[in-house]
Amino acid sequence: MTAVGDLAIETAGVGRRFGAVHALRDVTLSVPRGTVLGLLGHNGAGKSTLVNILATLCPPTSGTARVAGFDTVRQGRQVRRRIALTGQFAALDERISGRDNLLLVARLLGAGPRAARRHAAERLEMFDLTAAADRVVRTYSGGMRRRLDLAASTLGDPEVLFLDEPTTGLDPAARITTWRIVEHLAREGTTVVLSTQYLEEADRLADTICVLASGRIVATGPPAELKARVGGRVATARLPSAAAVTAVMRALLEQGLGPEYDPGRGVLAVPVAGPRDLANVARVLDVHVADAYELSVTSPTLDDVYLSLTQQPAAPPRAAVR
Amino acid sequence: MTAVGAPAGPARWHGAGLGTQLWVLTARVLRAYLLDPRLLVANMLGPLLMLTMFSQMLGSLARAPGFPAGVRYVDFLVPALLITSAMQQAFGSAVGLTLEMRDGIVARLRAMPLWPGSVLLARSLADLVRGGLQLLLILVLAALVFGFRPPGGPAGALAAGALALAVGCCLGWIFVALACWIRNAELVQSVAGLLTFPMIFASNAFVPVGGLPGWLRAVVRVNPATYGIEAARDLVLGVATPGGVAIALAVSAAVGITAAAVAVRGFQRRP
Ligand SMILES: Nc1ncnc2c1ncn2[C@@H]1O[C@H](COP(=O)(O)OP(=O)(O)OP(=O)(O)O)[C@@H](O)[C@H]1O
Ligand SMILES: [Mg+2]
């Protein structure tokens, strides 16, 4: 089809400055067709900037990007024909109904009036908006807007779909539906670029995760690989007193586990690979700790990813802000 | 929420033609007015207020020296109001455009395969419809309540209205250009307001040019609105010449085309 063949996205040294701010530096990545790329990063990491550059909304100040085989700057129109974008902020006409928004987009994409009606009705059904379809968008809740925005982006079956934080602000049910829709689109062969602040989301949806920090790519790879680098789940026990610590530590080490104890907080942390490890931790604590204790299991969070990859705090501590 | 159903097959549309783009985008703006008529009512009220105030306050001007003999003030005022009202249609819609460019639907339209001018032109076309309605209202009310009796007859008044729409639509592109470059609704509002003031008042709209100090007369002469007002007034008074109308149209078309080109460039410019 095009020279790049099976690459939906290819960038070389893409950077973007806003005055003195380097929003993005030297981003080089390639995304095979039909795969899902997860862009993971905190506020200000450069996710939106990268998405906007790829969606032709903002030119890079250095480097080049090709999307669906076309240069985003010189062949913007060709790119725009093949993509759809759900930006971070819902891009809808607030003053008309949800259905009219979808009709507008479908018609502008080139659908005839009847095809537009059919596709709009189908998307409303798919995104559970039929009941509110004929209400003015201004009266929609935040989650409904996001759903409508996403629905509009799926009209016209884009080759590459950009979703900038598509589940921020959605309730859990709507979040899962959005995930299902992304999975469905990916199965149908759509290339999806999705930015998110949630490792869990990137883990579930993405074939490849790209971690951004301060405008740079700090890690790229399949979710499993990335998580392995970060470390797995950790069982955390808050012990009421230090009395049993020595015995507990010894017992855990005998089980082949690697416990760490923080005497300051009275917290014991044990990396666990699976349910068996967790059961062993619980058994050891039951045997050696007389008083009540708290036991919880934490998954690696985006903060852990950041800490392990960048060795710098991901966000300024609250105290410093105040 | 329901599970993902079987979609109706791949769409693979290839972008609407220019005609469809304009039609669909204009209809969207007009539909918003139908759904919230308060917007329309508020829009109509401004010029009616001006009509009331000026016709009552400045009516005695007709007896001032330098005022064209035998002309009633309301007949002098209405054509000017037609032009200034038509011009101000774009004012409000430019502020709306700025808001929509930030995080509204225009953000989406910019990532779609459209001719960038069509978003702007569609707004202008919608303004034209709204403006037509407003001018009709002004003419009817002026005739019924304020004794507007155009010497040029109803035909002259309607021709003045049509001319006002064309002139206003062209000059309104100045505001659209501001919106596309400034991209900050409050700033657009202030700058457009600053610009509107001299365009309306440093003109022959409310007082005859003859009575003005020399430096102001010079300003009036470079104000493109002046030519439109002059031609519209001649049409209403029944003394229009094809030359006057042609000059009015040519001046505003020149301003309009220049401003439109600037506007489209600004619209395409990425943040
Ligand atoms: N138009 C702009 N002008 C100036 N600076 C900008 C502009 N857009 C983005 N930036 C800066 O670029 C950096 C990256 O911003 P970006 O919006 O890409 O982050 P993000 O990862 O999407 O963050 P968030 O999670 O908050 O959406 C930030 O420091 C931001 O302040
Ligand atoms: Mg963002």
Side-chain angles (χ1 to χ4, degrees), chain A residues 18 52 55-59 77-97 100-101 103-111 115 118-119 122-123 125-128 136 138 147 149 152-157 162 173-174 176-178 180-181 183-185 188, chain B residues 1-40 96-97 99-116 118-119 122-123 126 267-271:
Chain A
F18 293 103
N52 288 341
T56 79
L57 289 184
C58 156
R77 203 180 148 83
Q78 298 290 351
V79 173
R80 286 193 283 278
R81 278 203 176 158
R82 290 163 176 82
I83 63 166
L85 166 68
T86 297
Q88 189 168 358
F89 305 100
L92 301 163
D93 189 335
E94 297 261 306
R95 303 176 305 173
I96 60 179
S97 71
D100 283 338
N101 268 280
L103 285 175
L104 172 73
V105 172
R107 294 280 280 133
L108 290 175
L109 287 171
R118 202 177 71 244
H119 282 269
E122 177 196 298
R123 290 307 191 279
E125 186 67 34
M126 190 165 152
F127 287 82
D128 199 20
V136 176
R138 200 188 299 109
R147 261 144 58 199
D149 204 27
S153 294
T154 65
L155 285 165
D157 297 318
F162 295 98
I176 288 169
T177 308
T178 305
R180 288 214 186 106
I181 285 163
E183 284 163 350
H184 172 80
L185 292 168
E188 303 270 297
Chain B
M1 289 178 77
T2 49
V4 179
R12 289 284 172 250
W13 300 313
H14 287 289
L18 187 56
T20 310
Q21 287 179 31
L22 286 176
W23 164 246
V24 172
L25 288 169
T26 308
R28 136 188 122 87
V29 181
L30 292 177
R31 175 164 294 129
Y33 289 123
L34 290 181
L35 290 178
D36 194 351
R38 289 176 309 173
L39 293 172
L40 208 59
L97 177 69
L99 292 172
E100 281 193 334
M101 273 164 85
R102 182 147 293 274
D103 46 23
I105 183 91
V106 175
R108 172 180 292 282
L109 299 179
R110 278 159 45 108
M112 287 176 66
L114 304 176
W115 176 57
S118 62
V119 176
R123 270 198 169 270
F267 185 79
Q268 279 176 297
R269 189 182 54 112
R270 307 282 143 71

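No hydrogens, no waters, no symmetry mates; every other heavy atom, side chains included, goes into these values. Sequence lines set the chain letters: A, B, ... in the order given, protein chains first and strands last, and positions in each chain run from 1. Predicted model, so just to flag it, every value in this text is computed and none were measured.
Of the two parts of B/L34, neither the backbone nor the side chain holds a non-hydrogen atom closer than 4.5 Å to a non-hydrogen atom of chain A. Looking at A/D93, the atoms closer than 4.5 Å to chain B (heavy atoms on both sides) sit in the backbone and in the side chain alike. In this structure, no portion of A/V79 lies under 4.5 Å from any heavy atom of chain B. Neither the backbone nor the side chain of A/T154 comes within contact range of chain B, judged by heavy atoms closer than 4.5 Å. With a threshold of 4.5 angstrom between heavy atoms, B/L35 approaches chain A through side-chain atoms but not through N, CA, C or O. In this structure, the portion of A/N101 lying under 4.5 Å from any heavy atom of chain B is its side chain and not its backbone. Contact annotation for A/A84: neither backbone nor side-chain heavy atoms come within less than 4.5 Å of a heavy atom of chain B.
For the residue pair B/R110 / A/T56, no side-chain donor-acceptor distance below 3.5 Å is found, with atom types taken as modelled.
Smallest separation of non-hydrogen atoms from B/A111 and A/A55: CB-O, 4.3 Å. Contact record, A/R107 with B/W23: NH2-CD1, 4.3 Å, taken as the closest heavy-atom pair.
Put simply, of A/T86, A/D149, A/V136, the one with the most heavy-atom pairs under 4.5 Å next to chain B is A/D149. For the set A/I96, A/N52, A/I83, the entry with the most heavy-atom pairs within less than 4.5 Å of chain B is A/I96. Contact tally against chain A (heavy-atom pairs below 4.5 Å) for B/L109, B/L39, B/L25: the top residue is B/L25. Each of B/G15, B/G17, B/S118, B/A27 has some count of heavy-atom pairs under 4.5 Å with chain A, and the biggest count is that of B/G15. With chain B as the partner, the residue from A/D100, A/L85, A/L103, A/V105 showing the most heavy-atom pairs under 4.5 Å is A/D100.
When atom types are taken as modelled, the side chain of B/R108 and the backbone of A/A91 share a donor-acceptor pair closer than 3.5 angstrom.
The shortest distance between side-chain heavy atoms of B/M112 and A/L109 falls below 4.5 Å. Counting heavy atoms from C-beta on, the side chains of B/D36 and A/R95 never come closer than 4.5 Å. Annotation: side chain of B/T20 is not in contact with side chain of A/L108 (no heavy-atom distance under 4.5 Å).
Rounded to the nearest 0.5 Å, atoms CZ (A/R77) and CG (B/L114) are 7.5 Å apart.
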